[in-house]
Each structure stands twice: as structure tokens, then as C-alpha cells.
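Encoded as C-alpha cells, the structure appears first; notes follow it.
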Amino acid sequence: NEQELAIYISTEQAATVTVTITNTGYLQTLNIPANTVNATILIPKSGPNDARTLTDGLQNRGIHIVSDVPVAVYAHVYATMVSGATMLMPVETFGYSYYSINYYQTTSQSSPADWYSWFYAIATEDNTRLEITPSDTTKNGWLPGITYTVNLNKGESFHVFGKAVFNNNPAFASKDMTGSKVISVPGSDGNCHPVAVFSGS
């Protein structure tokens, strides 16, 4: 639990930005001056506002960022010897069909019981229905090439981890989920809802 998740918000105009975490009481409002970057938001990793993802399946701790003017937002995860960052895309850029790109987790690089090849989809609208087809066996027992249907509401996400194989194969800690497919299909309201999909290892 050494890692931190920082949110960086850059703006050319004076901005009022609100950050919330679904299904918690977490709420931060920032007044950011024009032509500055704010890096004060650290996402909670303990207690009732804990936003970490520790397992696969349905999650309900989405981080929601709303601004009254256009802003650029970055997420930065860092710890003692590791750092990773990504630019966050606004909901207007979300799509309906994705393929996952991943990598093998080797025991020489990681603790095999805790590190996985993974992907997840985030919903920002209720009645979101997804068809997920994993490319290999998953931690929760899904089989490759079989399509599974999941339903999400606003702020929820669905996470898929590759099956850990270190007991049977000392070279790899997790199945490579590259090529897994996520497609949005009509939900209970008859509409397809766009989603964001992230993948990695």
C-alpha cells in the first residue's frame, strides 16, 4: 500500500473542479487559477473512501471529475520504485468497441500472487450493457472465446484479471489478456451506452 494516485488538473481558464468517488462520501472542490496546474488531489486508499481495486468483477468506486470549463486531467500512480501516468479522456471521447492490449507478468518482475494482466470498462451512464469476450482464461473462471454479458450503472466498472498460472508454469504469473474484446450493446433501456476501457499489466 505504498502507492499513491495523484490527479493533476491543468487549465487555461479559471476553473471550478469537483472530484467525487462513487458510493463514498468523498468530495473535493478546487478553484484553480488560470494557466496553472493543480496537483493536490490524492485519491484515498484506506477507510470508507478507499478507491483501490483489489479484485476482479464488478466495482463501484469510480472517480468522477467535473469542471465548469475545459481542463486537461492526468492520473499519476507512483511508489518507491515505480511510476505510471495517463492522460484522462473526457466522456465525449468514449467508444462502443475495444480490444485489450496487455503483457505477460513474469515472476522475475513481480510477486506472482498479486500482479495480473488486466482490463476494465467504466460506465458513466445507467443501463450500460457490455459483452466481454476474454482471449484467455480469467481469474474468475471465464473461458477464452466465450462471450459474457455484464450490466453497469453510472460510476460502476467491471474488471477482468488474467488467471494466475504461476503454480503450473514458473515463467509466468498471469495469463496474457491481449485481444480480449469489450462491446457495448443495447441495455434495458434499448440504447447502447459508450464506455471507457483501460488495459495493462
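Note that this is a predicted model, so its numbers are computed, not measured.
- Under the salt bridge (Lys or Arg N to Asp or Glu O under 4.0 Å) criterion, the residue pairs touching residues 34-46 are Glu4-Lys45, with sequence neighbours excluded.
- Defined by atom type and a distance below 3.5 Å, a donor-acceptor pair is missing between the side-chain atoms of Arg61 and Asn49.
- Among residues at least two apart or in separate chains, ring pair (Phe, Tyr, Trp, His ring centres under 6.0 Å) pairs with a member in residues 179-198 are Tyr120-Phe198.
- If you check the side chains of His64 and Thr22, you find no donor sitting under 3.5 Å from an acceptor.
- Among residues two or more places apart in sequence or in another chain, the side chain to side chain contact (heavy atoms under 4.5 Å, CB included) test is passed with Lys139 by Thr55, Asp56, Tyr116, Phe161.
- Side-chain heavy atoms closer than 4.5 Å link hydrophobic residues (I, L, V, M, F, W, Y) into clusters, and following such links, possibly through other members, connects Ile43 to Val17.
- In this structure, Val66 shares a hydrophobic cluster with no other residue, the cluster being traced through Ile, Leu, Val, Met, Phe, Trp and Tyr side chains under 4.5 angstrom apart.
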What do the steps show when you test Glu2 against Thr80 for side chain to side chain donor-acceptor pair (under 3.5 Å), and what is the final call? CA-CA 7 Å; Glu2 296 177 357; Thr80 305; 3.0 Å; yes

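- The distance from atom CD1 of Ile41 to atom CD1 of Ile63, rounded to the nearest 0.5 Å, is 10.0 Å.
- Donor-acceptor pairing under 3.5 Å is lacking for the side chains of Gln59 and Thr53.
- Take Ile183 and apply the side chain to side chain contact (heavy atoms under 4.5 Å, CB included) test, not counting sequence neighbours, and it matches Ser97, Lys181, Val185.
- Using a 4.5 Å cut-off between side-chain heavy atoms of Ile, Leu, Val, Met, Phe, Trp and Tyr, Leu42 falls into a hydrophobic cluster with Tyr78.
- Every residue meeting the side chain to side chain donor-acceptor pair (under 3.5 Å) condition with Ser180, not counting sequence neighbours, appears here in chain and number order: Ser135.
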Apply the test side chain to side chain donor-acceptor pair (under 3.5 Å) to residues Ser117 and Ser174: give CA-CA distance (whole Å), side-chain angles for both, the deciding distance (0.1 Å), then the verdict. CA-CA 6 Å; Ser117 175; Ser174 169; 4.9 Å; no

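- With hydrogens and angles left out, the side-chain atoms of Glu125 and Asn127 include no donor and acceptor closer than 3.5 Å.
- Scanning for ring-ring contact (aromatic ring centres under 6.0 Å, His included) contacts around Tyr74 gives an empty result, with sequence neighbours left out.
- Not counting sequence neighbours, the partners of Asp126 by the side chain to side chain contact (heavy atoms under 4.5 Å, CB included) test are Asn153, Lys154.
- Separation of atoms CG (Leu143) and OG1 (Thr133) is listed at 12.0 Å; rounding is to 0.5 Å.
- Residues Ile7 and Val73 meet the side-chain proximity criterion, which asks for heavy atoms closer than 4.5 Å.
- Counted within 6.0 Å of CD on Glu12, heavy atoms from surrounding residues, nucleotides or ligands total 12 or fewer; the atom is thus considered open.
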Where do Ile9 and Ile32 land on the side chain to side chain contact (heavy atoms under 4.5 Å, CB included) test, with the steps shown first? CA-CA 8 Å; Ile9 304 171; Ile32 306 174; 3.7 Å; yes

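- In this structure Tyr148 satisfies the ring-ring contact (aromatic ring centres under 6.0 Å, His included) test together with Trp142, sequence neighbours excluded.
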Pair Thr138, Met177 - check side chain to side chain contact (heavy atoms under 4.5 Å, CB included), show working. CA-CA 8 Å; Thr138 71; Met177 300 311 294; 3.8 Å; yes

Could you go through Asp136 and Asp176, starting from their C-alpha distance and side-chain angles, then the distance that decides it, and tell me whether this counts as side chain to side chain contact (heavy atoms under 4.5 Å, CB included)? CA-CA 7 Å; Asp136 211 326; Asp176 184 353; 5.9 Å; no

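- At a threshold of 4.5 Å between non-hydrogen side-chain atoms, the residues Phe158 and Ile122 do not count as touching.
- Applying the side chain to side chain donor-acceptor pair (under 3.5 Å) test to Thr11 and every residue at least two apart in sequence or in another chain returns nothing.
- Partners of Ser199 under the side chain to side chain contact (heavy atoms under 4.5 Å, CB included) rule, at least two apart in sequence or in another chain, are Ser100, Ile101, Asn102, Phe119.
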